[in-house]
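Before any comments, here is the structure.
We count ligands from 1, going down the list as the structure has it; atoms in each ligand are counted the same way.
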Amino acid sequence: MENAKCKSKVIIKLGGSLLEKGRDVIQSLRDYVEEKEKEKDRALTMILIPGGGPFADAVRNLSGDTHIPISEEAAHWMAVFAMHQYGIFLASGEIEIPLVESVDEIDKAGPICILLPYKILKAANCLPHTWAVTSDTIAAFVANKIGEKTFIKLTDVDGILDEKGHLIKKISAKEMFKKEKKGCIDAELPGFLTQNKMSCIIVNGNFPNRIIDVIEEKETNCTKLF
Ligand SMILES: Nc1ncnc2c1ncn2[C@@H]1O[C@H](COP(=O)(O)OP(=O)(O)OP(=O)(O)O)[C@@H](O)[C@H]1O
Ligand SMILES: [Mg+2]
C-alpha cells in the first residue's frame, strides 16, 4: 500500500536550562531524525516543546524583584510567551527548524519542528493558571493533545536526584506527587501524569547519545517517571 509508512511521534521538551547548548542538541536530533528518514519503515516525527528559561525568569522576577503587582492569570500567559521566545531562539540556529502552532501543522512541517503552545493552550484553557504549572506540565498537556502518552524532558542534570545527590532511575508519579521537593520538575507534573495515565523520561540534554538511547528504548542514565 502506498504511504503505508507509519511515523511514530517523539515529543521532547527542551529545558530552558539548556540555553547555551540547546541549538546544538537540536542539530544532533535533526541529524538523527534525517538518518532515520533514510531507513525503510523507521521514520519518526520529532516535536520539540521549548521550556521557559531566562525568559520565564524575567516574568517571575518582575513581581519578585520590582514588587510590581501582577496577577497569576497574566503571569501564566506571559510565561507561555516566554516558551515562544525560547522557541524562536532555538529555531534561529545554523539550521532552520520550522515553528508550528497547531497539531495540524505538525505533519506538514517535516520530520522535526518546534511547537509554540499558546494557541493550543488558549483553545483548551483547562490547565490551572499558576506557577505550579509551567513548561513541563504544558509539554505533558500538549503531548496528550497530540495523542502521545509519554514525553522526554531534557534538562541540565542527569534526572531527578535524591537527597544524597544520587540519580533516581525510576519513580512513580504517585510517589513523586507525595514528595514536597519536586527536584527538576514542575510541581504540577506528577499529578498531571497520574491523572492522564502518562509518563515522562528525564534526560540530561548535554549528552545527545542518551536522548537517542531513550528514543530507542535502550538502557541509559535517566529518570523514568511513570
Ligand atoms: N532533586 C533534584 N534533582 C534534579 N535537579 C534538581 C533537584 N533539585 C534542584 N534541581 C535543579 O533543577 C534544575 C533543572 O530544573 P530547571 O527548571 O532549572 O530546568 P529546566 O526544567 O530544564 O528548564 P525550564 O524550567 O526553564 O524549562 C537543575 O539544574 C538542578 O540544579
Ligand atoms: Mg523547569
Strictly under 4.0 Å, does any heavy atom of P54 approach an atom of ligand 1?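 Flag not set, P54 not near ligand 1.
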Non-hydrogen atom of S135 closer than 4.0 Å to ligand 1: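 Yes, S135 has heavy atoms under 4.0 Å from ligand 1.
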Using a strict cut-off of less than 4.0 Å between a Lys/Arg side-chain nitrogen and an Asp/Glu carboxylate oxygen, indicate whether [X] and [Y] qualify as a salt bridge.
X    : Y    : result
E35  : K38  : yes
K224 : E219 : yes
K21  : D156 : no
D57  : R60  : yes
K36  : E216 : yes

Please write down residue, atom name and distance for the protein heavy atom closest to [atom].
atom                    : result
atom 21 (O) of ligand 1 : K153 NZ, 2.6 Å
atom 31 (O) of ligand 1 : V157 CG1, 4.5 Å
atom 27 (O) of ligand 1 : K13 NZ, 2.7 Å
atom 26 (O) of ligand 1 : G53 N, 2.8 Å
atom 24 (P) of ligand 1 : G16 N, 3.4 Å
atom 8 (N) of ligand 1  : G183 CA, 3.5 Å

Checking I152 against I11 for the side chain to side chain contact (heavy atoms under 4.5 Å, CB included) test, could you report, in this order, the C-alpha distance in whole Å, the side-chain angles of both residues, the deciding distance, and whether it holds? CA-CA 6 Å; I152 299 169; I11 319 282; over 6 Å; no
Find out if a path of hydrophobic residues (ILVMFWY) with successive side-chain heavy-atom gaps under 4.5 Å connects I215 to L225.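 In one cluster: no.
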Can a protein heavy atom be found under 4.0 Å away from atom 16 (P) of ligand 1?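 It does not; no protein heavy atom is within 4.0 Å.
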Indicate yes or no: does an N/O atom of D136 lie under 3.5 Å from an N/O atom of ligand 1?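 Checking ligand 1 against D136, no N or O pair falls under 3.5 Å apart.
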Hey, does G15 come in under 3.5 Å of ligand 1, counting only N/O atoms on both sides?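 Looking only at distances, the answer is no, because the N/O contact criterion of under 3.5 Å is not met.
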Considering the heavy atoms of [X], write down every atom of ligand 1 situated less than 4.0 Å from one of them.
X    : value
L161 : 1 (N), 2 (C), 3 (N), 4 (C)
G159 : 3 (N), 4 (C)
D156 : 13 (C), 14 (C), 28 (C), 29 (O)
I160 : 3 (N)
G51  : 27 (O)

Options C184, S17, A79, P50, ranked by nearest heavy atom to atom 22 (O) of ligand 1, top entry: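 Shortest heavy-atom distance from atom 22 (O) of ligand 1: S17.
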Donor-acceptor contact present, side-chain Y86 to main-chain F81, <3.5 Å: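 Not a single qualifying donor-acceptor pair exists.
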Looking at A109 and V100, what are the two nearest heavy atoms and their distance?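 That closest heavy-atom pairing would be CB-CG1, 3.7 Å.
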To check you understand the geometry: which heavy-atom pair defines the closest contact between P117 and I138, and what is its length?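 So the minimum-distance heavy-atom pair works out to CB-CG2, 3.9 Å.
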Would a line drawn from the ring center of H76 to the ring center of W131 be shorter than 6.0 Å?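 Not close enough - the centres of the two rings lie 6.0 Å or further apart.
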